[in-house]
Number of protein chains: 2
Amino acid sequence: MPRPEKRAAIAKAALAVFLREGYARASVDVIAAEAGVSKRTVYNHYGDKENLFLSVIAETDEGMAEAFTAMLDRTLGEVTDVEAALLAFGREFATAVARSPERSAVMRLLIAEITHFPALREQWGGVGRTQRALADRLADLASRGLLAIDDPVEAAAHFGVLATSMVNNLSLYGAVPVSDERVDELVTGGVRLFLRAHRP
Amino acid sequence: MPRPEKRAAIAKAALAVFLREGYARASVDVIAAEAGVSKRTVYNHYGDKENLFLSVIAETDEGMAEAFTAMLDRTLGEVTDVEAALLAFGREFATAVARSPERSAVMRLLIAEITHFPALREQWGGVGRTQRALADRLADLASRGLLAIDDPVEAAAHFGVLATSMVNNLSLYGAVPVSDERVDELVTGGVRLFLRAHRP
DNA sequence: GGTAAACTACACCGTGTAGTGCAAATCGGC
DNA sequence: GCCGATTTGCACTACACGGTGTAGTTTACC
């Protein structure tokens with residue numbers, strides 16, 4: 001029966017180190033030190049480095065998906081002004097992506113390591129669910145006559161891309177600094193394009 | 001005076017190994033072996049691993065930028081049917097991104113390593129130039145009344161994102177296989193959205 | 001065919017790292 | 001306060017890798 005608080009400390013430190021260094025550069029000794037735990041304990045809890053990595057990433061992805069749907073409810077729960085609501089959502093979405101060092105670092109790590117760890121593909125598939133949640137919201141807005149949408153799933157993909165991808169491209173997923181104003185411009189421009197194409 | 005053919009062989013092998021393994025996992029011994037060259041020769045030509053990496057990436061980026069502008073001229077050189085031309089360009093653009101293993105692997109590598117090598121930022125900045133080339137083309141189409149565009153630079157960013165980012169998101173920059181049909185659907189849908197928003 | 005420069009083969013050093021083993025210290029629950 | 005499980009500290013193995021030194025071989029060029 002391992003001690004859960006130790007396990008949590010290890011997970012937290014491991015995530016930080018993996019995000020900072022990448023898988024190959026991250027050393028288990030450093031993780032153990034940063035967790036305030038002996039290296040032996042790390043191995044007792046997680047077996048080996050690969051399993052530690054995959055476990056930590058899986059937990060993080062889950063948390064991010066939950067945070068996303070929560071944000072979706074918050075900003076698109078009750079909509080009267082479509083433009084304002086979608087702009088608010090887009091801004092928060094992009095900010096979560098561009099301004100949360102953890103979130104963008106997870107994306108970078110996923111992109112970097114997915115060819116080395118096929119198991120990561122399943123994690124990534126989970127993003128599809130979040131996009132379907134957005135699609136449902138958009139379909140709802142369409143059925144109320146606030147938007148003109150044929151295919152809600154496609155529209156959700158378009159919206160996601162217009163709200164976040166320009167920022168991600170510019171900042172390479174948060175690795176290159178981009179000013180708040182620039183982020184806001186890019187998001188606003190993208191959402192406006194979406195609205196222009198889907199006005200009823 | 002080093003032998004240029006050796007240098008080229010090293011560069012080619014190094015690129016292949018870095019793209020396949022990432023920087024940290026790539027070993028100079030393997031690169032030398034794959035180049036059919038002694039390890040000592042690698043060091044005589046490139047000094048150290050970091051310099052080898054940065055040199056090879058720089059050359060590759062340059063080649064990719066050239067290929068992009070060439071493709072731009074080919075598909076958007078003389079346009080009569082805007083929709084057909086933009087669809088053709090979008091398809092070729094996305095195919096180059098999604099179907100060329102090298103191109104997408106370079107993107108993945110860039111994203112993975114940019115936090116470790118600040119020098120890579122300059123390479124990435126070069127992409128801005130390609131976007132401006134596209135902006136010029138779009139501005140031309142707008143001045144001929146074929147498109148309604150206020151800000152050509154912004155429009156170019158939107159187009160690029162709509163044509164490629166959905167494919168990149170789905171495939172994580174080529175790491176996860178996506179069918180040709182799916183790629184075509186995603187690109188077509190994105191370009192159609194662009195056209196709907198910018199019809200004169 | 002000779003000469004200088006480039007290349008090869010190989011041994012070698014230092015270092016960093018994944019993972020293990022084990023006795024002693026520590027801690028939670030009774 | 002006792003007992004069993006967990007954790008610790010540390011030593012240790014095995015190995016891979018970046019980088020160097022060198023003596024000898026190949027190559028380009030005159």
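Each chain gets a letter, A, B and so on, in the order its sequence line appears, and its residues count up from 1.
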Taking atom [atom2] of [N] as reference, at what distance in whole Å does atom [atom1] of [X] sit?
{"X": "B/Arg7", "N": "C/dC7", "atom1": "CZ", "atom2": "P", "answer": "11 Å"}
{"X": "B/Phe18", "N": "D/dC17", "atom1": "CZ", "atom2": "C1'", "answer": "13 Å"}
{"X": "B/Arg25", "N": "C/dT17", "atom1": "CZ", "atom2": "P", "answer": "15 Å"}
{"X": "B/Leu52", "N": "D/dC17", "atom1": "CG", "atom2": "P", "answer": "15 Å"}
{"X": "A/Arg3", "N": "D/dT8", "atom1": "CZ", "atom2": "C1'", "answer": "12 Å"}
{"X": "B/Glu50", "N": "D/dG19", "atom1": "CD", "atom2": "C1'", "answer": "14 Å"}
{"X": "A/Asp29", "N": "D/dT8", "atom1": "CG", "atom2": "C1'", "answer": "14 Å"}
{"X": "B/Ile10", "N": "C/dC7", "atom1": "CD1", "atom2": "C1'", "answer": "10 Å"}

Report task. Please check the phosphate of D/dT27 (OP1 and OP2 only) for any side-chain N or O of B/Lys6 closer than 4.0 Å. Result ->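 Negative; the distance criterion is not met.
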Report task. Examine B/Lys49 relative to B/Tyr23 and say whether NZ or CZ is less than 6.0 Å from the centre of the six-membered ring and inside a 45° cone about the ring axis. Result ->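 The answer is yes; both the distance and angle limits are met.
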Requested in this report: Report yes or no: is the cationic atom of A/Arg103 (NZ for Lys, CZ for Arg) under 6.0 Å from the centre of the six-membered ring of A/Tyr173, at an angle within 45° of the ring normal?
Outcome: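 The answer is no, since A/Arg103 fails at least one limit relative to A/Tyr173.
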Query raised in the report: So does B/Asp150 have more than 12 non-hydrogen atoms from other groups sitting under 6.0 Å from CG?
Result: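 12 or below, so no.
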Query - Side chain proximity check, A/Glu102 to A/Leu15, heavy atoms < 4.5 angstrom - result: yes
**Report entry** Nearest-0.5 Å distance, CG of residue A/Leu76 to CG of residue A/Leu86
**Finding:** 6.0 Å
Query - Ion pair B/Lys12/B/Glu34, N-O distance below 4.0 Å - result: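 Here B/Lys12 does not pair with B/Glu34 in a salt bridge, since their nearest N and O are not under 4.0 Å apart.
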Query - NZ/NE/NH1/NH2 to OD/OE distance under 4.0 Å, B/Arg25 and A/Glu113 - result: yes
Query raised in the report: When you match B/Glu5 and B/Ala24 each to their closest nucleotide on DNA chain D, which lands nearer the 5' end?
Result: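 Checking each residue's closest nucleotide, the 5'-ward one belongs to B/Ala24.
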Query raised in the report: Which part of the nucleic acid does B/Ala32 contact within heavy-atom distance under 4.0 Å: base, sugar-phosphate only, or nothing?
Result: nothing
Report summary line: Within residues 35-46 of chain B, the residues having a heavy atom closer than 4.0 Å to DNA chain C are B/Gly36, B/Val37, B/Ser38, B/Arg40, B/Thr41, B/His45
